[in-house]
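The sequence lines fix the lettering, A, B, ..., with proteins before strands; numbering per chain opens at 1.
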Amino acid sequence: MNVRTRFAPSPTGYLHIGGARTALFSWLYARKMGGTFILRIEDTDRERSTQASVDAILEGMAWLDLGHDEGPFYQTQRFDRYAEVIEQLVESGHAYRCYCSKEELEQMREEQMARKENPRYNGLWRDRQDETPPAGIAPVIRFRNPQTGVVEINDLVRGKITISNAELDDLIIARSDGTPTYNLTVVVDDIDMQVTHVIRGDDHISNTPRQINIMQALGFEPPKFAHLPMILGSDGQRLSKRHGAVSVMQYRDEGFTPQALLNYLVRLGWSNGDQEIFSREEMIELFSLEAINRAPSAFNADKLLWLNQHYIKTLPVEELEAQLQWHLQAQQLDVSNGPALADVIDAQRERAKTLVEMVAISRYFYEEFAEFDPVAVQKQFKADTADNLQTVHDELAALSAWQGEPIHAAIQAACEKLGLKLGKVGPPLRVAVTGSASSPSLEITLELIGQARALARIQRAIGFIRATQF
RNA sequence: GACCCUAUCGUCUAGAGGCCUAGGACACGACCCUUUCACGGUUGUAACUGGGGUUCGAAUCCCCAUAGGGUCGCCA
């Protein structure tokens, strides 16, 4: 059997973390099984669906590189098909017209609540097809749900779930304007698209028995279901805007690599023993629905950060270089006038947790810094620092080959002349050429900055120290 | 409230009845490395929700309680 999975977001907002993980798991399973991954846009709610949201979702999927094999299909383009199925259900007696108005239904619900009953449609029109319908009211169409028996879901992650049909009321499958609703479109699409595995958030569990009933009324075997536990915010509450970055693209903006996000997401609710790091290929190879956890998990920003750092440390330079372009643009850093970006990445990759940070700590390679970091100045610049720097400056100025080795030797030579240890000479020199207290090792830093620039900065520091009079 | 689901360190998790003195990872602390910041290495603190069963033996199986989550729309 050819496995076919689908990701079916509704375009009412951006692609968020939970949606991204659902997409990832669906995608992984399809890839793992050599199957097909379908993208379907569930835009039947004309009020709330927007093209901007569709674009945002597509952009998020593209950034994560979760490519689909079929689609994107838009439900709004399949209304004829849904109408056909709805008609078929009415004809076969599996559905009926209901003339209750929204107000009546609202009242019904309130009365039921007042009587401490469960709010549900009371089946008023279920057996009243013969009566002449009230004039001037556009009916909705309801599915005639079985009233007895149970629906069993053999969920691939949770095992057997049993729901009694007595708990289910007759849901609306077509609105009074004739447009289909969610539970109908999902069923029709999953049938038409021959979806074999429905992998989705467990907030859909309660819809599942209804969909199975509709599917069976249509004469089809339901697909297999795998309901994923929710992702909670760091406080254990439902994920929402107040937890900070919820949109996938916001993680890009904040300097995360898609590799880190994907790796983080795959470990949220799924595991393969003690393994923490998964390449795309490993995920595909090792993934299984059986290993998915049943309990919801809380989002932990620290761990994501750690993973991001891991990928910044280990990803091929070319990959990071490509990802960095967007951030250079966003932070307006022109790297055309300075060392090769690849060299800077290699020098900095162990001290940046995000790409945003990477850009921020690499500015001094490409442009002059406005001021010396005051804290570093206070710690490193003393009365005799100017003279020491002058000695270092002269040694460096004499260099004809501006490379790590000779630079290191020159600094050593200066230390010997001064009778000082590197620990005394190095730190002030670093502040002088970078403006800050931290940077890669001095010889690499100096090499990348370049001789002319480095010497000028040392002079500037000497001037600054003399003028300040420590 | 009804129905459904879930329950191991602060967090993500390993654990399929004896391998558990409960392992790993993040975070946090200490130490080592070190020209800074980092990286890295070593190490420490820290958990089976509670109660009943079943069994020679239970984190693991069953029941109850408790807690958390989801759903109860002419939203998806």
Side-chain angles (χ1 to χ4, degrees), chain A residues 8-12 42-45 47-49 75 98 100-102 105-106 109 113 116-121 138-142 153 155 158-159 161-164 166-169 171-183 185-186 200-209 227 229-230 232 234 236-238 264 267-277 293-307 309 313 348-353 361 376 379-380 408 411 415 421-431 434 436-443 445:
Chain A
S10 64
T12 54
E42 310 217 323
D43 54 354
T44 51
D45 185 346
E47 307 268 297
R48 299 195 300 164
S49 299
Q75 293 190 320
C98 165
C100 292
S101 67
K102 284 186 190 180
L105 292 171
E106 187 49 43
R109 263 192 287 272
M113 301 276 257
K116 303 213 173 202
E117 289 170 16
N118 294 332
R120 63 208 301 272
Y121 177 63
V140 297
I141 295 174
R142 288 183 184 270
I153 311 169
D155 195 281
R158 277 153 214 277
I161 301 171
T162 308
I163 291 103
S164 167
E167 300 292 332
L168 274 24
D169 61 0
L171 73 156
I172 292 172
I173 55 175
R175 304 182 180 93
S176 45
D177 65 0
T179 58
T181 61
Y182 170 72
N183 281 296
T185 58
V186 168
R200 58 181 10 170
D202 70 5
D203 47 333
H204 284 288
I205 286 184
S206 56
N207 286 320
T208 309
H227 286 101
M230 303 274 297
L232 275 20
S234 44
Q237 294 299 114
R238 192 178 183 146
Y264 180 73
R267 282 286 287 108
L268 218 48
W270 176 82
S271 60
N272 178 61
D274 286 339
Q275 188 171 351
E276 296 288 350
I277 305 295
N293 249 306
R294 286 181 290 273
S297 37
F299 192 88
N300 181 206
D302 278 333
K303 189 151 186 183
L304 207 212
L305 219 41
W306 172 75
L307 276 165
Q309 186 173 33
K313 277 185 313 203
Q348 298 276 230
R349 67 199 316 179
E350 286 186 348
R351 54 210 105 221
K353 282 185 155 68
I361 62 173
K379 195 165 177 198
Q380 302 299 348
H408 184 73
I411 296 172
C415 285
K421 286 190 172 180
L422 186 54
K424 279 279 175 229
V425 179
L429 175 58
R430 172 171 286 106
V431 179
T434 69
S436 85
S438 60
S439 86
S441 75
L442 272 173
E443 55 266 32
T445 304

Candidates [options] - which lies nearest the side chain of [X]:
X         : options                : value
Arg294(A) : C12(B), A76(B), U6(B)  : U6(B)
Lys303(A) : A14(B), A76(B), C26(B) : C26(B)
Glu276(A) : C5(B), C74(B), C12(B)  : C12(B)
His204(A) : A27(B), U36(B), A76(B) : A76(B)
Leu268(A) : U6(B), A76(B), C12(B)  : C12(B)
Pro427(A) : A76(B), U35(B), C12(B) : U35(B)
Pro119(A) : G73(B), C4(B), U35(B)  : G73(B)
Ser176(A) : C74(B), C12(B), U11(B) : C74(B)
Leu442(A) : C26(B), A76(B), U35(B) : U35(B)
Glu167(A) : C26(B), C3(B), C74(B)  : C3(B)

Is [X] touching bases, backbone alone, or none of the nucleic acid, heavy atoms closer than 4.0 Å?
X         : answer
Asn118(A) : base
Glu443(A) : base
Ile161(A) : sugar-phosphate
Gly201(A) : nothing
Cys415(A) : nothing
Arg430(A) : base
Arg109(A) : sugar-phosphate
Thr162(A) : sugar-phosphate
Lys102(A) : base

*Which heavy atom in His227(A) sits nearest to a heavy atom in Gly201(A), and how many Å separate them?*
CD2-O, 3.5 Å
*Minimum heavy-atom distance between Ile172(A) and Ala174(A), given as atom pair plus value*: CG2-O, 3.2 Å
Quote, to the nearest angstrom, the [atom1] distance that separates [N] from [M].
N      : M      : atom1 : answer
A25(B) : C64(B) : P     : 39 Å
A22(B) : A27(B) : P     : 25 Å
A59(B) : G17(B) : P     : 13 Å
G24(B) : A47(B) : C1'   : 14 Å
C28(B) : G15(B) : C1'   : 25 Å
C61(B) : G18(B) : P     : 12 Å
A16(B) : C72(B) : P     : 38 Å
U43(B) : G50(B) : P     : 30 Å

_Salt bridge present between Arg158(A) and Asp202(A) (N-O < 4.0 angstrom)_ = yes
_Salt-bridge contact Glu167(A)-Arg120(A) (side-chain N to carboxylate O under 4.0 Å)_ = no
*Establish whether the base of A76(B) is bridged to the side chain of Asn207(A) by a donor-acceptor pair shorter than 3.5 Å.*
yes
*Under 4.0 Å: is that the gap between some side-chain N or O of Thr44(A) and OP1 or OP2 of A76(B)?*
yes
*For Arg430(A), check side chain to side chain contact (heavy atoms under 4.5 Å, CB included) against everything at least two apart and list the hits.*
Thr434(A), Ser439(A), Leu442(A)
_With a 3.5 Å distance limit and no angle check, can you tell me whether Ser164(A) reaches the backbone of Ala166(A) through a side-chain donor-acceptor pair?_
yes
*So, Thr445(A) side chain and Pro440(A) main chain: donor-acceptor pair closer than 3.5 Å or not?*
yes
Just so I know, are the side chains of [X] and [Y] near enough to count as touching, which here means a heavy-atom distance under 4.5 Å?
X         : Y         : value
Ile411(A) : Leu429(A) : yes
Leu232(A) : Phe299(A) : no
Thr208(A) : Arg200(A) : yes

Report all interatomic pairs (protein N or O, nucleotide N or O of nucleotides 37-44 of chain B) with separations under 3.5 Å.
residue: C37(B); atom: O2; partner: Arg351(A); partner atom: NH1; Å: 2.6
residue: C37(B); atom: N3; partner: Arg351(A); partner atom: NH1; Å: 2.5
residue: A38(B); atom: O2'; partner: Glu350(A); partner atom: O; Å: 2.1
residue: C39(B); atom: O3'; partner: Lys313(A); partner atom: NZ; Å: 3.0
residue: G40(B); atom: OP1; partner: Lys313(A); partner atom: NZ; Å: 2.9

*G68(B): pairing nucleotide in any strand, Watson-Crick or G-U under 3.5 angstrom*: C5(B)
*Using Watson-Crick or G-U wobble geometry with both distances below 3.5 Å, tell me the partner of A25(B), or none.*
U11(B)
Taking only nitrogen or oxygen atoms into account, show me every contact under 3.5 Å that the protein makes with nucleotides 62-69 of chain B, one pair per line with its distance.
residue: G69(B); atom: OP1; partner: Gln237(A); partner atom: OE1; Å: 3.3
residue: G69(B); atom: OP1; partner: Gln237(A); partner atom: NE2; Å: 3.4

*asked:* Output the rounded distance in Å from CG (Leu304(A)) to P (C26(B)).
replied: 14 Å
